[in-house]
> 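Quick one: this structure, given as structure tokens, is what I'll be asking you about.
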Amino acid sequence: MAPTAAILAGIFIAFAFARVMISELNSVAGSKLVVWHWFIPVYGLYWAAVAVQREMATAKQRAGKGAARGAVLYLFLFLYALAADLNDLVE
């Protein structure tokens, strides 16, 4: 039971962080992304690598910052790439 509880806790924590960061991205970019799309099995990968990365690139372009991180980084390290790009927007 303990490994299952640990996995569920990790999923909940990742969802909580992603929800807050996506709402920040929505407020900056004016988009309407919803975080639960991340949990749809195949579409979630597309959503993380393409849709979120595209909206981040738009937000960074509007703010006059550098380019957004690559789609591969969003695909494999989604929370890191999203947090790093949001930090770039603040600076």
Side-chain angles (χ1 to χ4, degrees):
M1 175 93 175
T4 303
I7 291 170
L8 290 176
I11 289 171
F12 176 75
I13 291 169
F15 180 77
F17 281 118
R19 184 179 54 86
V20 171
M21 289 190 284
I22 291 297
S23 71
E24 288 290 326
L25 177 60
N26 284 338
S27 67
V28 172
S31 61
K32 297 198 184 258
L33 295 172
V34 289
V35 73
W36 60 266
H37 286 180
W38 188 27
F39 292 109
I40 300 172
V42 174
Y43 177 69
L45 297 174
Y46 168 81
W47 179 83
V50 177
V52 174
Q53 196 268 346
R54 184 180 341 134
E55 291 299 325
M56 182 59 74
T58 302
K60 287 182 86 170
Q61 183 181 17
R62 287 183 188 167
K65 303 293 181 177
R69 294 196 168 44
V72 174
L73 197 60
Y74 272 89
L75 180 64
F76 292 114
L77 298 172
F78 176 68
L79 291 177
Y80 165 75
L82 186 58
D85 277 339
L86 284 173
N87 285 335
D88 291 345
L89 279 174
V90 173
E91 294 176 351

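Sequential numbering from 1 along the given sequence is applied to the chain's residues.
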> Measuring only between side-chain heavy atoms, which start at C-beta, is Lys60 closer than 4.5 Å to Arg69?
yes
> Roughly how far apart are Met21 CE and Leu33 CG, rounded to 0.5 Å?
13.0 Å
> Roughly how far, to the nearest 0.5 Å, is the CZ atom of Phe76 from the CG atom of Leu45?
8.5 Å
> Give the C-alpha distance, both sets of side-chain angles, the deciding distance and a yes or no for side-chain contact (heavy atoms from CB on, under 4.5 Å) between Leu73 and Tyr80.
CA-CA 8 Å; Leu73 197 60; Tyr80 165 75; 3.9 Å; yes
> Any side-chain heavy atom of Leu89 within less than 4.5 Å of one from Val28?
yes
> Would you indicate whether Phe39, at its atom CZ, is surrounded by more than 12 heavy atoms from other residues, nucleotides or ligands within a distance under 6.0 Å?
yes
> For the CE atom of Met56 and the CG atom of Asp85, what is their distance to the nearest 0.5 Å?
5.0 Å
> Listed by chain and number, what are the side-chain contact (heavy atoms from CB on, under 4.5 Å) partners of Ala29, not counting sequence neighbours?
Leu25, Ser31, Glu55, Ala59
> Side-chain contact test, heavy atoms from C-beta onward, threshold under 4.5 Å: evaluate it for Phe78 versus Val52 and give yes or no.
yes
> How long is the straight-line distance from CG of Asn87 back to CG of Leu82, given to the nearest 0.5 Å?
9.5 Å
> Report yes if some heavy atom in the side chain of Val42 is under 4.5 Å from a heavy atom in the side chain of Trp47; otherwise report no.
no
> Around atom CZ of Phe15, are there more than 12 heavy atoms from other residues, nucleotides or ligands closer than 6.0 Å?
yes
